[in-house]
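My questions all concern the structure below.
A, B, ... follow the sequence lines: proteins, then strands. Residue 1 opens every chain.
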2 protein chains.
Amino acid sequence: MATLGELERAVMDLLWAGHEAATANTLRDLLAQSTRAQDGTAGHVGKDLAVTTVLTVLSRLERKGLVERERGTRPHRYQAVSSRADHTAELMHEVLGSAPDREAVLARFIGSVSATEAETLRKLLEHS
Amino acid sequence: MATLGELERAVMDLLWAGHEAATANTLRDLLAQSTRAQDGTAGHVGKDLAVTTVLTVLSRLERKGLVERERGTRPHRYQAVSSRADHTAELMHEVLGSAPDREAVLARFIGSVSATEAETLRKLLEHS
DNA sequence: GCTTAGTTTCTACATGAGGTAGAACAGCGT
DNA sequence: ACGCTGTTCTACCTCATGTAGAAACTAAGC
């Protein structure tokens, strides 16, 4: 499955931020951002990493299909293939999909959702 | 997180079956069942495993909090702590929970649900 | 053209999870 | 006391992930 490690997730957080801003990041960007990110912030990494470390992670994320790399430009540009929300929703479907009793799962899932979110869901379901 | 390996999942599948039937399984039960399980069936394991292998897995699942073991009886009794549906729903919440943009995620999630399931969801949300 | 600083690729090592199982120990029925 | 079955301990292998050095590569200036 597409389960991410801690560092992978941090890098994805940075890339996802760029995704919202429709920005393709370079390695340098990412390093700068990761240095800037504070504890608790998305993309936070508690230490200084070697450039190669980040590149390795980027390659692995690319292999996993989460990151796309523009090889044409000179510093390559890296960007998340899909938004964080899309990715998370997909993950939820993956989790759900492996169940033979989807209905039961959905029932439990709905059962433990906050009142406000239940409201949100109701609204979302009106249209479809 | 509670991400399971292949064998762990197979064992959980057997235990979950027992959970529905309100049955606590012994090691022997599980081995017999796993041998019986056919390809595609829940709890399927393609080969004969050593007893210790299954026991190790059970211990790890116990450590993860997914399995409870009755140590009083002589062959110990093993059982799933919660139903598969509960577990899966919990997993979905975990996935969702790590997102800062829960609403957006829910929107995407709902967006890619089948029509029939959307209907199910609507019904489920009526009561709450 | 040649050096240089930043980029990318290759290769490597450490750690931890999970699959797998032997060795040894413990309790029960005979 | 003996042996069978279940349990515990320990161990090994593989793979994912974190981490990074060494080397190859490239654009830009001198």
Quiz item: Is the distance from OP1 or OP2 of D/dA16 to the nearest side-chain N or O of A/Lys64 less than 4.0 Å?
Solution: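 So the side chain of A/Lys64 is outside the cut-off, no N or O lying under 4.0 Å from OP1 or OP2 of D/dA16.
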Self-check item: Terminal axes of the helix from C/dG1-D/dC30 to C/dT30-D/dA1 (five pairs each): angle between them, nearest 10 degrees
Solution: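 End axes: 10° apart.
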Quiz item: Within the structure shown, what part of the strands sits under 4.0 Å from B/Arg71 by heavy-atom distance: base, sugar-phosphate, or nothing?
Solution: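 Answer is sugar-phosphate: B/Arg71 comes under 4.0 Å of backbone atoms only.
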Quiz item: Between A/His76 and C/dT8, is there a side-chain N or O to OP1/OP2 distance below 4.0 Å?
Solution: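 Yes, because at least one side-chain N or O of A/His76 sits under 4.0 Å from OP1 or OP2 of C/dT8.
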Exercise. Mark yes or no for a side-chain to base donor-acceptor pair under 3.5 Å between A/Thr56 and D/dA20, with no hydrogen or angle criteria applied.
Key: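 For A/Thr56, whose side chain was compared with the base of D/dA20, there is a donor-acceptor pair (under 3.5 Å).
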Quiz item: Separation of A/Leu27 atom CG from C/dT8 atom C1', in whole Å?
Solution: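 Answer to the nearest Å: 9 Å.
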Quiz item: Rounding to a whole Å, what distance do you find between B/Leu58:CG and C/dA21:P?
Solution: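 The distance from CG of B/Leu58 to P of C/dA21 comes to 15 Å, rounded to the nearest Å.
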Quiz prompt | Side chain A/His44, main chain A/Ala10, donor-acceptor under 3.5 Å | solution =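 No; zero donor-acceptor contacts below 3.5 Å.
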Quiz item: Phosphate oxygens OP1/OP2 of C/dT8: is one of them under 4.0 Å from a side-chain N or O of A/Tyr78?
Solution: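 Yes.
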Quiz item: In this structure, which one of A/Arg60, A/Arg63, A/Lys64 forms a salt bridge (Lys or Arg N to Asp or Glu O under 4.0 Å) with A/Glu8?
Solution: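 Checked A/Arg60, A/Arg63, A/Lys64 against A/Glu8; only one passes salt bridge (Lys or Arg N to Asp or Glu O under 4.0 Å): A/Lys64.
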Quiz item: Rounded to whole angstrom units, what separation is found between the CG atom of A/Leu61 and the P atom of D/dT19?
Solution: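 The distance from CG of A/Leu61 to P of D/dT19 comes to 13 Å, rounded to the nearest Å.
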Quiz item: Going by heavy atoms closer than 4.0 Å, what residues in residues 41-53 of chain A are next to DNA chain C?
Solution: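 A/Thr52 - these, ordered by number, are the residues of the stretch whose heavy atoms sit under 4.0 Å from the strand.
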Quiz item: What integer distance in Å separates A/Leu7:CG from D/dG18:P?
Solution: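 Rounding to the nearest Å, CG of A/Leu7 and P of D/dG18 are 5 Å apart.
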Quiz item: Counting only distance, no hydrogens or angles, is the base of C/dG18 paired donor-acceptor with the side chain of B/Arg9 under 3.5 Å?
Solution: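 Answer is no: no donor-acceptor pair is held.
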Quiz prompt | Atom pair distance, as rounded to whole Å: CG in A/Leu31 and C1' in C/dG6 | solution =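 Interatomic distance, CG of A/Leu31 to C1' of C/dG6: 11 Å.
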Exercise. Please work out if A/Leu55 contacts a base, only the sugar-phosphate, or nothing of the nucleic acid, heavy-atom cut-off 4.0 Å.
Key: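 Counting heavy atoms under 4.0 Å across all strands, the contact made by A/Leu55 includes a base.
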Quiz item: For the pair made of CD in A/Glu8 and C1' in D/dT19, what is the distance, rounded to whole Å?
Solution: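 Going from CD in A/Glu8 over to C1' in D/dT19 covers 12 Å.
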Quiz item: Same hydrophobic cluster for A/Val57 and A/Leu55, using side-chain heavy-atom links shorter than 4.5 Å among ILVMFWY?
Solution: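 Yes; A/Leu55 is reachable from A/Val57 via cluster members.
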Practice problem: For the pair A/Arg69 and A/Ser59, evaluate side-chain hydrogen bond (donor to acceptor under 3.5 Å, both in side chains) and give the outcome as yes or no after the intermediate values. | Solution: CA-CA 9 Å; A/Arg69 173 196 317 228; A/Ser59 295; 3.2 Å; yes
Quiz item: Which of these passes side chain to side chain contact (heavy atoms under 4.5 Å, CB included) with B/Leu15: B/Asp29, B/Thr23, B/Leu30?
Solution: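 Running side chain to side chain contact (heavy atoms under 4.5 Å, CB included) over B/Asp29, B/Thr23, B/Leu30 with B/Leu15 returns exactly one hit, B/Leu30.
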Exercise. Let me know the distance between CZ of A/Arg74 and C1' of C/dT7, rounded to the nearest Å.
Key: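 Distance check: A/Arg74 CZ to C/dT7 C1' gives 5 Å.
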Quiz prompt | Check: A/Arg108/B/Ser83 side-chain N/O donor and acceptor closer than 3.5 Å | solution =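 Distance-only check passes for A/Arg108 and B/Ser83.
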Quiz item: In this structure, are over 12 heavy atoms from other groups packed under 6.0 Å from A/Glu6 atom CD?
Solution: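 Atom CD in A/Glu6 is not crowded, with 12 or fewer foreign heavy atoms closer than 6.0 Å.
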Self-check item: Residues A/Met12, A/Val67; criterion side chain to side chain contact (heavy atoms under 4.5 Å, CB included); working and verdict
Solution: CA-CA 8 Å; A/Met12 282 313 294; A/Val67 165; 3.7 Å; yes
Practice problem: Could you check whether B/Arg63 gets within reach of a base, just the sugar-phosphate, or nothing at all, counting any heavy atom under 4.0 Å? | Solution: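 No contact.
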Quiz item: Going by modelled atom types, is there a donor-acceptor pair between the base of C/dG19 and the side chain of B/Arg60 at under 3.5 Å?
Solution: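 It does, because a donor-acceptor pair links the side chain of B/Arg60 to the base of C/dG19 below 3.5 Å.
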Quiz item: Would you say the side-chain atoms of B/Gln38 pair up with the backbone N or O of B/Arg36, donor to acceptor, closer than 3.5 Å?
Solution: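 Flag set: sc B/Gln38 to bb B/Arg36 pair under 3.5 Å.
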Quiz item: Listed by chain and number, what are the side chain to side chain contact (heavy atoms under 4.5 Å, CB included) partners of B/Ser114, not counting sequence neighbours?
Solution: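 If we apply the side chain to side chain contact (heavy atoms under 4.5 Å, CB included) test to B/Ser114, skipping adjacent residues, the hits are B/Thr116, B/Glu117.
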Quiz prompt | Protein-nucleotide distance (B/Glu6, atom CD; D/dT14, atom P), rounded to Å | solution =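 Going from CD in B/Glu6 over to P in D/dT14 covers 17 Å.
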